[in-house]
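All remarks here apply to the structure that follows.
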Amino acid sequence: MSTTFKLENEIVQRSERAKSVEFHPTEPWILVSLHSGTVYIWNYQSQTTEKTFKVAESPVRSAKFIPSKRWVIVGSDDAFIRVYDYGTMEKITEFQAHKDYIRCVGVHPTLPHVLSASDDAVIKLWDWEKDWTCTQTFQGHSHYVMRLAFDPQDPNAFASASLDGTIKIWNVHSSAPKFTLDAHEKGLNFVDYFSRDDMHYLLSGSDDYTAKVWDDKGRSCVQTLDGHEHNVTAVCAHPELPILITGSEDETLRIWDANGFGLKHVLKFGHGRIWDIAYQKGSRRVAVACDEGMAMVEIVC
């Protein structure tokens with residue numbers, strides 16, 4: 001029997017345009033970065049702002065927690081990476097990381113490594129135990145690099161998505177890609193990994209209005225998720241539920257069956273274009289970054 005999903009208990013924190021969202025793994029916090037150059041930590045239990053960091057005068061497109069260090073790392077359009085202690089709010093470091101806008105920062109789940117991706121078409125690997133030395137530069141994309149994702153099954157591998165229309169798979173020890181997927185007819189905005197029934201997949205979202213599911217072993221497209229009416233800007237596979245979630249500049253959030261890939265639900269959010277989606281492990285909560293701020297919902301079935 002088909003399962004019906006719906007979204008309930010919506011909470012909206014209105015602000016300037018939100019560009020990224022992330023849940024803290026243990027605290028009741030959501031990290032939100034804004035187009036205005038500010039980053040804040042929002043407590044979804046008390047529905048109050050815990051911390052606010054004025055990072056830059058330019059947009060902050062990506063912010064992540066580094067929980068083991070009690071840090072927040074951000075990448076902004078001034079090409080700088082900045083790191084803050086989220087307890088004391090002290091700035092730990094800042095440095096120019098790229099020659100153009102930073103689109104994404106990615107934190108390795110176990111190693112002291114951070115990846116950054118930029119409009120300069122370059123990806124860099126940084127080691128905070130070596131005083132934030134750049135230990136590898138990855139080149140091969142011919143357009144802006146929009147998103148990065150570490151492979152959860154291989155600590156040395158990651159994927160990148162670019163406006164050149166490709167997904168590239170990399171090993172951290174080599175500056176050249178292992179292989180390239182000609183993934184979409186237009187540029188890519190997002191890539192992520194997920195697993196179902198011992199199968200390992202990639203999920204991508206594109207300016208061609210589609211999302212796609214890729215067999216990571218066979219490197220072939222398993223399914224195209226059609227239905228959005230504008231650029232697909234964010235994708236994720238929920239770890240607790242058998243669903244995929246896509247968000248778009250058409251202002252909708254769509255839920256798909258992660259097994260049969262059928263469309264299960266469409267939510268017209270009403271908060272402007274969607275820019276990022278985050279889930280919380282161990283719960284049904286999902287956070288969404290939109291033009292009008294951040295929204296959190298619970299998925300029920």
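Computed from heavy atoms alone, side chains included, the values below leave out hydrogens, waters and symmetry copies.
Counting heavy atoms from C-beta on, the side chains of Ile245 and Leu253 come closer than 4.5 Å. Within the 4.5 Å cutoff, the side chain of Asp131 has no heavy atoms near those of the Thr93 side chain. At a threshold of 4.5 Å between non-hydrogen side-chain atoms, the residues Thr180 and Ile169 do not count as touching. Between Arg61 and Ile102 there is no side-chain heavy-atom pair separated by less than 4.5 Å. Residues Ile243 and Lys264 form no side-chain contact, since every pair of their non-hydrogen atoms from C-beta on lies 4.5 Å or further apart. When side chains are defined from C-beta on, His271 does not count as touching Glu251, because their heavy atoms never get closer than 4.5 Å. Side-chain contact between His113 and Trp128 is absent, with no heavy atoms from C-beta onward closer than 4.5 Å. The shortest distance between side-chain heavy atoms of Trp214 and Val191 does not fall below 4.5 Å.
Between the side chain of Asp151 and the backbone N or O of Gln153 there is at least one donor-acceptor pair closer than 3.5 Å. With hydrogens and angles ignored, the 3.5 Å screen pairs no side-chain donor or acceptor of Thr252 with any backbone N or O of Leu267. Remark: side-chain polar atoms of Asp291 are paired, donor with acceptor, to backbone N or O of Arg273 under 3.5 angstrom. In this structure, the side chain of Asp197 does not engage the main chain of Met199 through any donor-acceptor pair within 3.5 Å. No donor-acceptor distance shorter than 3.5 angstrom exists from the side chain of Glu94 to the backbone of Phe80, with no hydrogens or angles considered. Between the side chain of Gln96 and the backbone N or O of His98 there is at least one donor-acceptor pair closer than 3.5 Å. Between the Ser248 side chain and the His230 main chain, a donor and an acceptor come within less than 3.5 Å of each other. Judged by distance alone, with hydrogens and angles left aside, the side-chain atoms of Asp120 form a donor-acceptor pair with the main-chain N or O of Lys99 at under 3.5 Å. Panel note: side chain Thr38, backbone Lys54; no donor-acceptor pair is recorded below 3.5 Å. Formation of a donor-acceptor pair under 3.5 Å by the Lys124 side chain with backbone atoms of Ala97 is found in this model.
Checking Lys212 against Thr224 by side-chain atom types alone, no donor-acceptor pair falls below 3.5 Å. The closest side-chain donor-acceptor pair between Asn231 and Thr233, if any, does not fall under 3.5 angstrom. Side-chain polar atoms of Ser76 and Ser58 form no donor-acceptor pair below 3.5 angstrom.
Minimum interatomic distance between Gln139 and Pro177 (heavy atoms only, all atoms of both residues): O-CD, 3.9 Å. Heavy atoms only, all atoms of each residue included: Ser15 and Gly293 are closest at OG-CA, 3.4 Å. Minimum heavy-atom separation, Leu188 to Ser204: CD2-CB, 3.8 Å. When all heavy atoms of Ser283 and Gln280 are compared, the pair lying nearest together is OG-OE1, 2.8 Å. Closest approach of Leu181 and Arg219 over heavy atoms only: CD2-O, 3.2 Å. Between Cys290 and Ile274, the closest heavy-atom pair is SG-CG1, 4.3 Å.
Taking 4.0 Å as the cut-off between side-chain N and carboxylate O, Asp276 and Arg147 count as a salt-bridged pair. At a threshold of 4.0 Å, the pair Arg14-Glu292 counts as salt-bridged, since one of the basic side-chain nitrogens sits closer than that to a carboxylate oxygen. Electrostatic pairing of Asp78 and Arg82 counts as a salt bridge here, judged by a charged N lying under 4.0 Å from a carboxylate O.
Phe158 belongs to a hydrophobic cluster whose remaining members, ordered by chain and number, are Leu115, Ile123, Leu125, Phe138, Val145, Leu148, Phe150, Trp170, Val172; membership requires side-chain heavy atoms of ILVMFWY residues under 4.5 Å apart, directly or through intermediates.
Leu34 and Met296 fall within the same hydrophobic cluster, defined by Ile, Leu, Val, Met, Phe, Trp and Tyr side-chain heavy atoms under 4.5 Å apart, directly or through other members. Hydrophobic cluster membership differs between Ile66 and Val55, with clusters built from Ile, Leu, Val, Met, Phe, Trp and Tyr side chains linked at under 4.5 angstrom. Hydrophobic clustering, with ILVMFWY side chains joined whenever heavy atoms are under 4.5 angstrom apart, keeps Tyr193 apart from Leu203. Side-chain heavy atoms closer than 4.5 Å link hydrophobic residues (I, L, V, M, F, W, Y) into clusters, and following such links, even through other members, never connects Val107 to Val72. Hydrophobic clustering of Ile, Leu, Val, Met, Phe, Trp and Tyr side chains at less than 4.5 Å, counting indirect connections, unites Leu263 with Phe194.
With rounding to the nearest 0.5 Å, the separation of CZ in Arg254 from CG in Asp226 is 10.0 Å. For the atom pair CZ of Arg196 and CG of Asp198, the computed distance is 12.0 Å after rounding to the nearest 0.5 Å. In this structure, OG on Ser174 lies 11.5 Å from CG on Asn156, to the nearest 0.5 angstrom. Annotation: the span from Asp100 atom CG to Tyr144 atom OH amounts to 6.5 Å, rounded to 0.5 Å. The distance from atom CE of Met146 to atom CZ of Arg103, rounded to the nearest 0.5 Å, is 4.0 Å. To the nearest 0.5 Å, atom SG of residue Cys104 and atom CZ of residue Phe190 are 8.0 Å apart.
When each of Thr246, Thr210, Asp208 is paired with His228, the side-chain contact (heavy atoms from CB on, under 4.5 Å) condition holds for Thr246 and for no other. When Tyr44, Tyr86, Trp71 are each tested for a ring-ring contact (aromatic ring centres under 6.0 Å, His included) with His24, only one passes: Tyr86.
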Query raised in the report: Going through the checks in order, is the side-chain contact (heavy atoms from CB on, under 4.5 Å) test met by Phe53 and Val60?
Result: CA-CA 11 Å; Phe53 308 86; Val60 179; over 6 Å; no
Report task. Please step through side-chain contact (heavy atoms from CB on, under 4.5 Å) for the pair Leu225 and Val235, ending with a clear verdict. Result -> CA-CA 11 Å; Leu225 307 180; Val235 298; over 6 Å; no
**Report entry** Audit row: Ile81, Ile73, side-chain contact (heavy atoms from CB on, under 4.5 Å) steps and yes/no
**Finding:** CA-CA 7 Å; Ile81 284 176; Ile73 183 167; 3.8 Å; yes
Report task. Check step by step if side-chain contact (heavy atoms from CB on, under 4.5 Å) holds for Leu31 and Val39. Result -> CA-CA 7 Å; Leu31 180 64; Val39 172; 3.4 Å; yes
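Listed by chain and number, the residues in a ring pair (Phe, Tyr, Trp, His ring centres under 6.0 Å) with His238 are Tyr279 (sequence neighbours excluded). Under the ring pair (Phe, Tyr, Trp, His ring centres under 6.0 Å) criterion, Tyr40 pairs with no residue, sequence neighbours left out.
Around NZ of Lys130, the count of heavy atoms belonging to other residues, nucleotides or ligands within 6.0 Å does not exceed 12. The local environment of NZ in Lys51 is crowded, with over 12 non-hydrogen atoms from other residues, nucleotides or ligands closer than 6.0 Å. Heavy atoms of other residues, nucleotides or ligands lying less than 6.0 angstrom from CD of Glu240 number more than 12. The number of heavy atoms from other shown groups lying within 6.0 Å of NZ (Lys281) does not exceed 12. Counting non-hydrogen atoms of neighbouring residues, nucleotides and ligands closer than 6.0 angstrom, the CD atom of Glu57 reaches no more than 12 such neighbours.
Cation-pi check for Arg285 over Phe23 is not met; the charged atom does not lie both under 6.0 angstrom from the ring centroid and within 45 degrees of its normal.
By the 30° and 60° cut-offs, the orientation of the rings of Tyr201 relative to Phe261 is perpendicular.
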